[in-house]
Amino acid sequence: ADKNIKAVKTGSGVFVEIINPGTGNSIDSGKYVSVNYTGTSFSGKRFDSNTDTDFHHTEPMAFVTGAPGMIKGFDEAVQMMKPGSSARVYIPSLLGYAGNPDPRTGIKPFEHLIFDLTIVDVKDKAPDIQPKRTK
């Protein structure tokens, strides 16, 4: 509030500040989304990004919303967004990595996080992965 951030608080405590509203319907659980993101600590230290070549991975990150494997706060925020939208997401530590962050990231245990997200694409389901054929 003291920084005049206009964000919506989710039921679990994530704050989502919509920067660009996008178009269409909000993303439902079970959708396959592609997302660009940059993650920072509240002190401003960037710990990961798929839009900055310094982090050596610049492809959109894709996942199924509501499925295991994504941090809860990130997944919850994406489900408040629409195709083409962007948002800044403030994630309390217990909805992020809690006491078990990957040590390579530099995130401290129980550190609150900020993610800048852009929804790149939304599909009804994940693509079928075809097994590679061998001769």
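Basis for what follows: all heavy atoms, side chains included, without hydrogens, waters or symmetry-related copies.
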Hphob cluster co-occupancy, [X] + [Y], side-chain heavy atoms under 4.5 angstrom:
X: Val89; Y: Val120; result: no
X: Val8; Y: Phe15; result: no
X: Val122; Y: Val35; result: yes
X: Tyr32; Y: Ile119; result: no

query = Would the number of heavy atoms belonging to other residues, nucleotides or ligands and lying under 6.0 Å from NZ of Lys123 be above 12?
reply = no
Between [X] and [Y], what is the shortest heavy-atom contact and its length?
X: Tyr90; Y: Glu17; result: OH-OE1, 3.3 Å
X: Ser41; Y: Ile114; result: O-CD1, 4.2 Å
X: Ile107; Y: Pro101; result: O-CG, 3.2 Å

ask   = Would Asp48 and Tyr37 count as having a side-chain donor-acceptor pair, cut-off 3.5 Å?
value = yes
Side-chain (His112) to main-chain (Pro92) donor-acceptor, under 3.5 angstrom = no
Stepwise side chain to side chain contact (heavy atoms under 4.5 Å, CB included) check, Asp52 with Thr38 = CA-CA 8 Å; Asp52 181 342; Thr38 297; 5.8 Å; no
Separation of [Y] [atom2] from [X] [atom1] (nearest 0.5 Å):
X: Glu111; Y: Tyr97; atom1: CD; atom2: OH; value: 11.5 Å
X: Glu59; Y: Asn36; atom1: CD; atom2: CG; value: 9.0 Å
X: Lys108; Y: Leu113; atom1: NZ; atom2: CG; value: 11.5 Å
X: Asn50; Y: His56; atom1: CG; atom2: NE2; value: 14.0 Å
X: Phe110; Y: Asn100; atom1: CZ; atom2: CG; value: 7.0 Å
X: Phe47; Y: Thr40; atom1: CZ; atom2: OG1; value: 6.5 Å

Tabulate below the donor-acceptor pairs under 3.5 Å that side-chain atoms of residues 62-83 make, not counting sequence neighbours, or state none.
residue	atom	partner	partner atom	Å
Thr65	OG1	Asp28	O	2.7
Thr65	OG1	Gly30	N	3.0
Thr65	OG1	Lys31	N	3.2
Thr65	OG1	Lys31	O	3.4
Asp75	OD1	Gly66	N	3.1
Asp75	OD2	Gly66	N	3.0
Asp75	OD2	Gln79	NE2	3.1
Glu76	OE1	Ser12	OG	2.8
Glu76	OE2	Thr10	OG1	2.2
Glu76	OE2	Ser12	OG	2.7
Gln79	OE1	Ser29	N	3.4

